[in-house]
Amino acid sequence: MTYKRIAVAGKGGTGKTSITGILINFLLEADKKPVLAVDADPNSNLNEVLGLDIEETIGNIREEVNWSERTGTPIPGGMNKTEYLEYRLNQAVFEGDGYDILVMGRTQGEGCYCYVNGILKNQLDKISGAYKHVVIDNEAGLEHISRGTVGHIDLLLLVSDYSYRSIQAAGRVKILAEELKLKIPKMGLIVNKAPNGEITDSIRAEIERQNLDLIGVVPLDPQVFDYDSQGKPLVTLPDDSLSKIAIKDIMKKLEII
Ligand SMILES: Nc1ncnc2c1ncn2[C@@H]1O[C@H](COP(=O)(O)OP(=O)(O)OP(=O)(O)O)[C@@H](O)[C@H]1O
Ligand SMILES: [Mg+2]
């Protein structure tokens, strides 16, 4: 099975965005492009890891159209609502080098968004067909996946750090995905920030208790910390950095690259 549509999820701060960014970087290097990167975490910052400045979000567009509906304000340019949404959505797809990125942004406030969401979902479906891979950085609640806004998923990478609680959180995301009947063919765990890239027997036992399929361990990498503390995009980490080597191995194992 080729994993065309890849989602990354897990507890806050475990390294989802870092891993997503590096994964995208390797897809591009392996010429598996174009890639659509979707930032589906409301505390979005995938663009920073990739080294891009982005302001427009799907959330903004949704608010804008919903506001015009509620207040009876006409849509600019004489377009109807569907046309305008399509037009704005195309604008929100930001073009990077070999990949595009879309930021979902904040989720909705008051009012009914069903119509707007429906159009967005259709448009996203249409757009995403044009890419070799879609890679989605999610929050633990899997909101956009569960609502179907980002379409189906072939591979869900659950990221945890080196702690029981975070492995348990990954276990809960897996159960959630099953309860939501998302029918994801493959779900695997990546333990990130492991000292020396190793995990103890007790961590391994917890992974088994949570019924998780361990697909890789990424070491605690001082260079990641250095880059982040200087605001340098992680995709510019050297190829021989500990985290990059480990993530590349995982991707090869999954035959993504
Ligand atoms: N392998 C690693 N080694 C060292 N530090 C890491 C590693 N991976 C991530 N980090 C650090 O952990 C912190 C959280 O990483 P990141 O933002 O990628 O996590 P996240 O799961 O996306 O967080 P959030 O839930 O806030 O979106 C960052 O400061 C990052 O530098
Ligand atoms: Mg993040």
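In each ligand, atom 1 is the first atom listed, and ligand 1 is the first ligand listed.
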Ligand-side contact atoms (ligand 1) for residue partner [X], heavy atom cut-off under 4.0 Å:
| X | answer |
| --- | --- |
| Gly12 | 25 (O) |
| Asp41 | 27 (O) |
| Thr17 | 18 (O), 20 (P), 22 (O), 27 (O) |
| Ser18 | 9 (C), 15 (O), 16 (P), 18 (O) |
| Leu220 | 3 (N), 4 (C) |

Ignoring hydrogens, what is the shortest heavy-atom contact between [X] and [Y]? Give both atom names and the distance.
| X | Y | answer |
| --- | --- | --- |
| Leu50 | Pro233 | C-CB, 4.2 Å |
| Val235 | Gly21 | CG1-O, 3.6 Å |
| Pro219 | Asn192 | O-OD1, 4.3 Å |

> Are Tyr87 and Gln91 close enough, and set up right, to give a side-chain hydrogen bond (donor to acceptor under 3.5 Å, both in side chains), and what steps lead you there?
Replying inline: CA-CA 6 Å; Tyr87 158 77; Gln91 279 186 328; 3.1 Å; yes
Would you check whether [X] has a nitrogen or oxygen atom less than 3.5 angstrom from a nitrogen or oxygen atom of ligand 1?
| X | value |
| --- | --- |
| Asn45 | no |
| Asp137 | no |
| Gly15 | yes |
| Gly13 | yes |

> Is a salt bridge present between Arg88 and Glu56, judged by a nitrogen-to-oxygen distance below 4.0 Å?
Replying inline: yes
Donor on one side chain, acceptor on other, [X] and [Y], under 3.5 Å:
| X | Y | answer |
| --- | --- | --- |
| Lys244 | Asn25 | yes |
| Arg5 | Ser128 | yes |
| Tyr131 | Asp100 | yes |

Does only the side chain of [X] get under 4.0 Å from ligand 1, or the backbone, or both, or neither? Count heavy atoms.
| X | result |
| --- | --- |
| Val159 | neither |
| Pro219 | backbone |
| Asn192 | side chain |

Nearest-contact summary for [atom] - protein heavy atom, Å:
| atom | answer |
| --- | --- |
| atom 3 (N) of ligand 1 | Asp221 N, 2.8 Å |
| atom 12 (O) of ligand 1 | Lys193 NZ, 2.8 Å |
| atom 29 (O) of ligand 1 | Asp228 OD2, 3.6 Å |
| atom 5 (N) of ligand 1 | Val224 CG1, 3.7 Å |

> Do you see an N/O/S atom of Thr17, backbone or side chain, under 2.8 Å from the Mg ion (ligand 2)?
Replying inline: yes
>> Using a 6.0 Å distance limit plus a 45 degree cone around the ring axis, check whether Lys193 lies over the aromatic ring of Tyr162.
In response: no
>> Are the side chains of Leu234 and Asp228 in contact, using a 4.5 Å heavy-atom criterion?
In response: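 The answer is yes; the side chains approach within 4.5 Å.
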> Are His133 and Tyr3 close enough, and set up right, to give a side-chain contact (heavy atoms from CB on, under 4.5 Å), and what steps lead you there?
Replying inline: CA-CA 8 Å; His133 284 281; Tyr3 301 122; 5.7 Å; no
